[in-house]
Amino acid sequence: MQPKMIQTLKGTVDDVLFCNDENGYIVLDLETEDAMVTVVGELGVLEPGEEIELTGSFVTHPRFGQQFRAESCVRALPSTVVNIERYLASGVIRGIGRALAKRIVAEFGEFTLQVIEKEPEKLCRIKGISPQKCEEIAEAAKQIFGLRTLMGRLQAFSIPASVAMKAYRFWGVTAWEMIQDNPYQLCSPYIGLEFKAAERIAAAMAIPANSSKRLLAGFRWLLENAALEGHTCLPFAMFHEIALQGLGITEQDFQTGFADAQEDRVIYVYHAAEQDFIYLDCYYQAEDFIAARIAAKLAFSSPEEFDCAKAIAQEEQDSGITYAEQQKRAIASAFSRGIMVLTGGPGTGKTTTLNGVIHLCMRAGSRVLLAAPTGRAAKRMTELTGREAKTIHRLLGMEYNDSGQLSFIHNEQNQLQADVIIVDEVSMVDTLLFEGLLRAVRLSARIILVGDEDQLPSVGAGHLLHTLIACKRIPVVRLTEIFRQAQESCIIRSAHQIVNGEMPDLREKSSDFFFFDRRDAQDAAGFLRDLYARRLPKAYGFTPQNDIQVISPTRKGILGTVTLNQMLQETVNPPQYGKHIMKNLLFSFREGDKVMQIRNQYETEWTKDGERGTGIFNGDMGTVTGIDKSTNTMKVDFDGRIVTYRADQLDQLELSYAVTVHKSQGSEFEAVILVLPEGSDRLSYRSLLYTAVTRAKKLLIIIGSPRKIHEMVQNQQTAVRYSCLSEMLCEMLSREEPEG
């Protein structure tokens with residue numbers, strides 16, 4: 001592949017075809033000396049008539065042809081009378097329309113923009129502009145020119161327009177002064193600039209490497225990177241080493257900055273028994289609160305008047321179910337303790353036990369709420385229990401707090417009205433989300449945590465379920481007996497073999513599990529396509545969009561989800577005359593496409609049977625039901641909740657004919673085709689294979705090589721996730737225990 005040729009392009013903005021006000025992505029027609037050129041890029045808000053100089057390269061779009069993808073933009077206000085009038089007539093300044101723009105330019109000519117910016121009172125000369133309207137125009141112009149100035153200044157440091165827009169929304173006209181004082185403030189969560197990018201501004205402003213401002217931001221950056229890898233904290237020795245190397249500072253600088261960071265509560269030090277651990281403030285507060293609240297809940301005792309054994313016997317009689325001893329112990333524990341964990345693999349009766357707990361809670365007159373970390377997991381919980389389950393985010397509700405940050409509606413001041421909270425798929429719950437849930441649960445309410453400890457840990461920081469089980473201080477009932485009906489499933493037998501470190505029998509061609517040895521990626525992809533589109537629908541009556549899910553460990557390569565999605569879409573939902581298309585950077589979307597939401601969007605509105613609500617979350621899967629080119633919008637049906645997406649919101653969606661193992665977690669599908677590419681050693685471990693296999697309900701097909709499966713089964717190593725929650729909990733409980 002030849003490298004892109006970097007070029008410079010000068011011209012005047014002729015028309016803006018699309019602009020995303022959130023991230024500054026824009027599509028425009030640029031009038032140059034030679035031709036009209038379509039330009040795309042994150043350039044911020046531009047208006048017709050503006051004169052710009054772009055740096056970038058020409059690319060060929062498969063549908064729209066040749067475009068200029070701009071990487072940077074030097075902008076200048078229009079300098080000719082014609083372009084000034086076009087600029088104002090575009091509506092860039094609130095209160096000035098086409099007719100008024102013409103009169104203003106006729107009066108002030110090429111000095112029009114200087115007058116509006118520096119001497120707006122002169123606008124009162126113009127017919128139709130009262131003193132009040134003059135003030136309104138001046139205020140609107142102040143905002144426009146202020147943002148333009150800020151974008152220009154940050155562009156000199158190759159800072160994206162989206163960052164300038166967020167900074168201006170947060171600080172307004174004082175934004176540049178705030179940045180000059182401390183450019184590392186741009187790294188705050190509400191703006192989100194990378195630390196390394198802020199370093200470029202700081203260097204130009206001669207901020208020394210050992211500045212307290214830099215060290216505080218640098219320490220936060222190092223710990224935020226650790227959180228992305230799953231750690232809630234780092235051992236002091238490790239933090240010390242990466243701080244010296246990553247920030248390029250001396251030991252003295254480190255010690256001074258470390259003391260300042262503790263004083264400013266940017267970081268916390270937890271003195272564990274064997275060594276110290278360094279926390280970001282939010283994770284320290286979260287684990288400290290979780291430990292304290294669990295310790296308090298473990299002091300809970302069940303009401304003496306409730307005879308659990310008698311209630312279980314009555315439930316067996318009424319339901320015709322005979323509970324195994326492990327199941328009875330789990331039900332009794334759910335009633336006798338303030339918090340407990342129910343764990344076990346497939347076929348061990350977790351659902352039967354869970355339903356028994358729910359029924360007995362209702363017999364006792366308890367108010368029960370059910371929750372799961374994702375929409376798919378909540379839907380599955382609803383189907384298995386017959387009672388509504390919500391995502392944890394939807395259960396807690398979201399709103400903006402006084403500082404403009406999203407927070408949960410239900411918290412310590414506004415707790416959930418429930419006596420029992422049951423949370424499924426807890427292996428997917430991260431530390432911060434669990435803290436939010438615990439704050440919203442009354443101290444008197446019981447919490448039942450359900451999950452499979454052998455599955456993948458959460459995407460967010462922490463290893464919650466594993467930690468709660470491993471600390472040995474919380475009641476845990478582990479279901480191990482595989483019931484007779486489940487034993488007949490090769491899927492379930494294979495899952496238990498995998499988790500026990502044994503190779504599944506790949507030669508067995510049972511009714512629900514098949515293995516196909518395909519080692520060449522192109523060959524495997526073609527075979528997969530035939531299975532998905534023709535063979536499985538013909539043999540089993542499955543529909544590709546509704547019943548069959550392709551799963552891959554990776555997004556990259558021929559057998560990664562990006563390429564597989566494009567291939568499968570072209571196979572089962574190809575372009576047709578009259579079928580509209582909308583695009584984001586990766587995918588084209590058509591009516592009938594299977595899609596997934598990939599980011600939490602708490603304020604996105606949906607409708608369902610006349611009901612209105614908000615919130616679509618990472619992992620929610622739906623179907624494109626309509627595309628309206630006149631409004632440039634697309635409708636997606638998420639299990640009856642209809643969401644309308646604008647063109648600039650499509651980066652929240654991906655095709656989901658194929659998904660990664662991590663994205664599939666918490667869901668079950670009628671049929672799963674699991675493809676295991678050769679290589680991808682970083683993703684060759686047991687819990688990932690086990691999680692993928694247990695997504696299949698009725699049919700599992702694995703495409704790969706025996707060597708790859710053996711490698712994954714034998715690799716039990718998973719990345720260490722640093723956390724002190726277990727030690728904090730033991731410390732809290734030791735305080736509660738009487739001396740002597």
Side-chain angles (χ1 to χ4, degrees), residues 18 20 22 25 27 61-64 374-376 378-379 391 529 532-533 536-537 542-552 555 560-660 663-664 667 669-671 673:
F18 169 77
N20 183 333
E22 291 297 316
Y25 182 80
V27 180
H61 190 281
R63 181 183 176 202
F64 300 113
T374 68
R376 297 286 295 187
K379 180 187 178 185
T391 64
R529 176 172 53 196
Y532 185 84
L536 296 189
F542 292 141
T543 60
Q545 279 93 334
N546 297 327
D547 301 320
I548 308 172
Q549 184 60 58
V550 175
I551 298 177
S552 172
R555 289 175 57 84
T561 57
V562 174
T563 301
L564 288 176
N565 267 312
Q566 293 165 342
M567 177 190 76
L568 295 174
Q569 181 197 42
E570 292 303 304
T571 303
V572 301
N573 192 24
Q576 296 178 8
Y577 178 77
K579 181 180 281 189
H580 294 308
I581 295 176
M582 292 185 70
K583 296 173 176 279
N584 64 16
L585 291 178
L586 271 182
F587 299 111
S588 298
F589 300 104
R590 307 174 187 129
E591 286 186 26
D593 273 335
K594 187 176 178 181
V595 296
M596 175 182 283
Q597 175 80 15
I598 59 171
R599 287 201 294 272
N600 289 336
Q601 293 293 336
Y602 306 104
E603 292 196 307
T604 295
E605 294 185 355
W606 51 261
T607 59
K608 181 178 182 180
D609 301 327
E611 176 191 357
R612 305 186 72 87
T614 59
I616 295 294
F617 302 103
N618 186 4
D620 286 352
M621 296 176 72
T623 303
V624 177
T625 58
I627 293 175
D628 187 338
K629 297 302 288 186
S630 65
T631 58
N632 216 21
T633 59
M634 184 171 85
K635 291 187 182 298
V636 179
D637 183 341
F638 294 98
D639 296 321
R641 289 175 289 126
I642 309 299
V643 176
T644 300
Y645 289 84
R646 302 188 309 270
D648 59 298
Q649 296 174 316
L650 294 185
D651 59 347
Q652 302 172 21
L653 293 172
E654 288 187 351
L655 292 176
S656 61
Y657 298 102
V659 298
T660 62
K663 289 292 188 184
S664 74
S667 303
F669 308 96
E670 297 295 299
I673 303 175

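None of the values given here were measured: they were computed from a predicted structure. In what follows, residues are counted from 1 in the order of the sequence shown.
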Is the shortest side-chain heavy-atom distance between Asn632 and Met582 below 4.5 Å? yes
Would you mind reporting whether Val659 and Met596 have side-chain heavy atoms less than 4.5 Å apart? yes
Output for pair (Glu654 CD, Met621 CE), nearest 0.5 Å, gives 11.0 Å
Under a plain distance cut-off of 3.5 Å, with no hydrogens placed, do Thr543 and Asp547 share a side-chain donor-acceptor pair? yes
Would a 4.5 Å heavy-atom cut-off, applied to side chains only, mark Val643 and Gln597 as touching? no
Taken in chain and number order and not counting sequence neighbours, the residues that satisfy salt bridge (charged side-chain N to carboxylate O under 4.0 Å, His left out) with Arg529 are none
Under the side-chain contact (heavy atoms from CB on, under 4.5 Å) rule, what do Arg641 and Asp620 come out as? Steps first, then yes or no, please. CA-CA 11 Å; Arg641 289 175 289 126; Asp620 286 352; 4.0 Å; yes
Which value, rounded to the nearest 0.5 Å, describes the distance between Leu655 atom CG and Leu586 atom CG? 9.0 Å
Testing the basics here: between Ser588 and Asp593, what is the closest heavy-atom pair and its distance to 0.1 Å? O-OD2, 3.8 Å
Considering only heavy atoms from C-beta outward, does the side chain of Glu570 approach that of Pro575 to under 4.5 Å? yes
Please find the pair of heavy atoms, one from Ser552 and one from Gly560, that lie closest to each other, and give the distance. OG-CA, 4.1 Å
Here's a test for you: under side-chain hydrogen bond (donor to acceptor under 3.5 Å, both in side chains), which of Gln545, Gln569, Gln549 qualifies with Lys594? Gln549
Quick one: are Val636 and Ile642 in side-chain contact, heavy atoms under 4.5 Å? no
Distance (rounded to the nearest 0.5 Å) between Ile627 CD1 and Met634 CE: 6.0 Å
Are side-chain heavy atoms of Leu536 and Ile673 found at a separation under 4.5 Å? yes
Is the shortest heavy-atom distance from the side chain of Thr660 to the side chain of Arg555 under 4.5 Å? yes
Heavy-atom pair of closest approach, residues Gly640 and Asp637: N-OD1, 2.6 Å
Might you point out which heavy atoms bring Pro537 and Ile548 nearest each other, and give the distance in Å? CD-CD1, 4.2 Å
Just wondering, do Tyr532 and Tyr657 contact through their side chains at under 4.5 Å, heavy atoms? yes
Can you tell me how far apart CG (Leu650) and CZ (Phe587) are? Round to the nearest 0.5 Å. 12.5 Å
Hits for side chain to side chain contact (heavy atoms under 4.5 Å, CB included) against Thr563, two or more places apart or cross-chain, chain-then-number order -> none
Do we see a donor-acceptor contact under 3.5 Å between the side chains of Lys579 and Asn573? yes
Taken in chain and number order and not counting sequence neighbours, the residues that satisfy salt bridge (charged side-chain N to carboxylate O under 4.0 Å, His left out) with Glu605 are Arg612
What residues form a side chain to side chain contact (heavy atoms under 4.5 Å, CB included) with Asn600, not counting sequence neighbours? His393, Tyr602, Phe617, Asn618
Hey, could you give me the OG1/CD1 distance between Thr391 and Ile616, rounded to the nearest 0.5 Å? 9.5 Å
With sequence neighbours excluded, residues passing side chain to side chain contact (heavy atoms under 4.5 Å, CB included) with Thr631: Asp628, Thr633
Restricting to non-hydrogen atoms, name the atom on Phe669 and the atom on Ser664 that form the minimum distance, rounded to 0.1 Å. CE1-CB, 4.3 Å
Just verifying a value: how many Å separate Thr561 OG1 and Lys663 NZ, rounded to the nearest 0.5 Å? 10.0 Å
Applying salt bridge (charged side-chain N to carboxylate O under 4.0 Å, His left out), name anything that partners Lys379, two or more places apart in sequence or on another chain. Asp639
